[in-house]
Amino acid sequence: MTIRLYDTATREVRDFVPLEEGKASLYVCGLTVQSEPHVGHVRSGVNFDVLQRWLRFRGYDVTFIRNITDIDDKILAKSAEQGRPWYNLAYAMKIELDRAYSALNVAAPTYEPAATGHTPEMIVMIEELIARGHAYPAADASGDVYFDVRSWPSYGELTHQGIDDMEPAADADPRGKRDPRDFALWKGRKESEPETASWPSPWGRGRPGWHIECSAMAGKYLGPAFDIHGGGVDLRFPHHENEQAQSRAAGGAFASYWMHNAWITTAGEKMSKSLGNTLSIPSVLQRVRGVELRYYMAAAHYRSHVEFSFEALEEAAAGYRRIESFLERAAAALGDDVPLGVPCADFVTAMDDDLGTPAALAALFEVTREGNKLLAGDDLTALRGSAGSVRAMLDILGLDPADPAWAASGATTDTEERLTAAVDVLVAGLLDERTQARADKDWARADAIRDRIKSAGIEVTDTPDGPTWTVN
RNA sequence: GGUGGGUUGGCCGAGAGGCGAGGCAACGGACUGCAAAUCCGUGUACACGGGUUCAAAUCCCGUACCCACCUCCA
């Protein structure tokens, strides 16, 4: 059985055949660090993290490059508005993004290059394109360099569009373009822009066009040909189309497979960056834990559009807690931590089929139910098998509750620990009284004590090993 | 104008010619002093109209509505 992936370029699910046996090279377009990340922004991070984990589980040696764009029009505009240097804004938002990723257990890629660190590579590539007749410096004095789409016959192949069917951008400044669809490889510095936002080039000081950075960085770290290129659906055109055109026009084969994750929207609309911070990662994490948010995102197929709602998020969290509590009870029954086991066959089949996480989770729930039944019996070997399998499947999805990543994000402070210990002592006294009452079959008194504890926001649960308490 | 995606039960969300994925919620039962958790059970869902077929949520034709992209959106 091989991994099969949906390839946007061919519009079909194809067997994954890497360029080099046993290795997988992956480039994902990361974010433009211009504002605080919201739930929509991090979906690709989660989805491609799952892909990366699955490739690794299937034995591939994965090289995973995910860039960040740290210079662009919006960064310049926002930093000017906020009265701070553009690089300070970009850096601060980059730190926020890292926090969001780590709160969601999105593993660090092999390397995370930034656009501003790669202007020499871009310049070399642009020169190559000019030499091959696929690019030209603008005829005006702007210092811009454009890609000549008419010079590249297969332009439009990724998104299956003909150049003449494309609507020329109504608002685009034609500047020195030969064709309105030509796109900027290099943007000459404008007087209004800060000197620090420009780099030397053969065409004068300027800054990267958006698309060239990814071509240059993918080429640098993965070579002229690599296996998978990913990103959000919105990037198919123009970004990915242009990346492919310029990379191929410069002589590289570029990506063999193109994968695109769908959007998370609210109220049917895309999550605009101007929406405010109600859906920023820190604010959502006040409602649910990071692992629960990740579960919510992993539970839908990556190519399916998700309509975000807190109701659906809470429901998903309830489902995750069921799996989690099984693992906790299994660990208690086994008297030990549950070791990572083997995913069940249905899970593997589902994941191989274009990362079918919904079907994979269905399989995971089947094993969880079996495990819950075993919990009632005394076959510890079977229980260990089920629990280990559940843990292994969660681990592949980046959802293993025992992953230290979660502990880091939910770290308890010393004060909290001391408070917990203090409450435990106080509640323990009451619970002793209640246990005595229960032994005396004085149910009224037992319930009264439980109600009293509950009025303090603490839930008491009776188990065969005695009562336990949790904060509501 | 071009390109692509969607409409599934109370809710979320898979599937892609025949057998009701799964989760959440609800209801019934078992267990429990009562709860909680767990297990067992309960559903005649596929936007609308035609068509093909022994058989259609799934294929074809048409219609409606929604969404994305069309040169610096995740």
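Lettering of chains follows the sequences in order, A, B, ..., and the numbering in each one begins at 1. Worth knowing before you read on, the calculation uses all heavy atoms, side chains too, and leaves out hydrogens, waters and symmetry mates.
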Engineer: Determine whether a donor-acceptor pair (one donor, one acceptor, N or O, separation below 3.5 Å) exists between the side chain of Tyr155(A) and the base of U71(B).
Structural biologist: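 It does, because a donor-acceptor pair links the side chain of Tyr155(A) to the base of U71(B) below 3.5 Å.
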Engineer: Counting the atoms with a prime plus P, OP1 and OP2 as sugar-phosphate, which does Phe183(A) contact under 4.0 Å by heavy atoms, base, sugar-phosphate, or nothing?
Structural biologist: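 Base, at least one base heavy atom under 4.0 Å.
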Engineer: Tell me if the side-chain of Asp164(A) makes a donor-acceptor pair with the base of G2(B), cut-off 3.5 Å, by modelled atom types.
Structural biologist: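 Looking at the base of G2(B), it does not pair with any donor or acceptor on the side chain of Asp164(A) (distance under 3.5 Å).
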Engineer: Report yes or no: do Asp49(A) and Tyr101(A) form a side-chain donor-acceptor pair below 3.5 Å?
Structural biologist: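 No pair is found: no donor N or O on one side chain lies under 3.5 Å from an acceptor on the other.
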Engineer: Does Lys74(A) place a side-chain N or O at less than 4.0 Å from the phosphate oxygens OP1/OP2 of C73(B)?
Structural biologist: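 Yes, because at least one side-chain N or O of Lys74(A) sits under 4.0 Å from OP1 or OP2 of C73(B).
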Engineer: Hey, is the side chain of Lys177(A) poking within less than 4.0 Å of OP1 or OP2 on U71(B), counting only N and O atoms?
Structural biologist: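 Answer is no, no contact under 4.0 Å.
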Engineer: Check whether any side-chain N or O of Arg322(A) sits under 4.0 Å from OP1 or OP2 of G23(B), and answer yes or no.
Structural biologist: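 Arg322(A) to G23(B) OP1/OP2: side-chain N or O found under 4.0 Å.
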Engineer: Touch check for Thr159(A), heavy atoms < 4.0 angstrom, all strands: base, sugar-phosphate only, or nothing?
Structural biologist: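 The answer is sugar-phosphate, as Thr159(A) gets under 4.0 Å only of primed atoms, P, OP1 or OP2.
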Engineer: For nucleotides C34(B) and G29(B), find the distance between their P atoms and express it as a whole number of Å.
Structural biologist: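 Rounded to whole Å, the distance is 13 Å.
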Engineer: Give a yes or no on whether a salt bridge exists between Arg303(A) and Asp354(A), defined as a side-chain N under 4.0 angstrom from a carboxylate O.
Structural biologist: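 Salt bridge present between Arg303(A) and Asp354(A).
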Engineer: In whole angstrom, give me the gap between the P atoms of G18(B) and U58(B).
Structural biologist: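 Result for the P pair: 11 Å, nearest Å.
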Engineer: Between Ser304(A) and A14(B), is there a contact of a side-chain N or O with OP1 or OP2 at under 4.0 Å?
Structural biologist: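 So the side-chain polar atoms of Ser304(A) do come within 4.0 Å of the phosphate oxygens OP1 or OP2 of A14(B), strictly under.
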Engineer: Does a donor on one side chain sit under 3.5 Å from an acceptor on the other, for Glu213(A) and Thr69(A)?
Structural biologist: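 Glu213(A) vs Thr69(A): donor-acceptor pair found between side chains.
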Engineer: Side-chain N or O of Arg236(A) less than 4.0 angstrom from OP1 or OP2 on A68(B)?
Structural biologist: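 It does not, given that no N or O in the side chain of Arg236(A) lies less than 4.0 Å from OP1 or OP2 of A68(B).
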Engineer: Could you tell me whether the side chain of Arg450(A) has a donor or acceptor atom within less than 3.5 Å of a complementary atom in the base of C34(B)?
Structural biologist: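 Donor-acceptor pair under 3.5 Å: yes.
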Engineer: Could you tell me whether Arg434(A) contacts a base, only the sugar-phosphate backbone, or nothing, with contacts defined as non-hydrogen atoms closer than 4.0 Å?
Structural biologist: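 Base, at least one base heavy atom under 4.0 Å.
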Engineer: Mind checking Leu364(A) for me? I need base, sugar-phosphate or nothing, with any heavy atom below 4.0 Å counting as a touch.
Structural biologist: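 Nothing, no nucleic acid heavy atom in range.
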Engineer: Using whole Å, report how far CD of Glu311(A) lies from P of G10(B).
Structural biologist: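 That distance rounds to 18 Å.
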Engineer: Taking only the P atom of each, what is the distance from C11(B) to A45(B) in whole angstrom?
Structural biologist: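 The answer is 14 Å between these two P atoms.
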Engineer: Between Arg369(A) and Glu366(A), does any side-chain N to carboxylate O distance fall below 4.0 Å?
Structural biologist: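 So Arg369(A) pairs with Glu366(A) through a salt bridge.
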Engineer: So, does Arg369(A) get its side chain near the phosphate of C40(B), meaning an N or O under 4.0 Å from OP1 or OP2?
Structural biologist: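 Yes, such a contact exists.
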Engineer: Considering only heavy atoms and no angle criterion, is a donor-acceptor pair shorter than 3.5 Å present between the side chain of Asp462(A) and the base of C34(B)?
Structural biologist: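 By the distance-only test, yes, there is a pair.
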Engineer: Between Gln161(A) (CD) and U3(B) (P), how many Å, whole number?
Structural biologist: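 Taking CD of Gln161(A) and P of U3(B), I get 8 Å after rounding.
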Engineer: Are Asp447(A) and Arg450(A) within salt-bridge range, i.e. N to O under 4.0 Å?
Structural biologist: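 Salt bridge between Asp447(A) and Arg450(A), a charged N being under 4.0 Å from a carboxylate O: yes.
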Engineer: Can you measure Leu313(A) atom CG to C24(B) atom P for me and round it to whole angstrom units?
Structural biologist: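 Atom CG in Leu313(A) sits about 15 Å away from atom P in C24(B).
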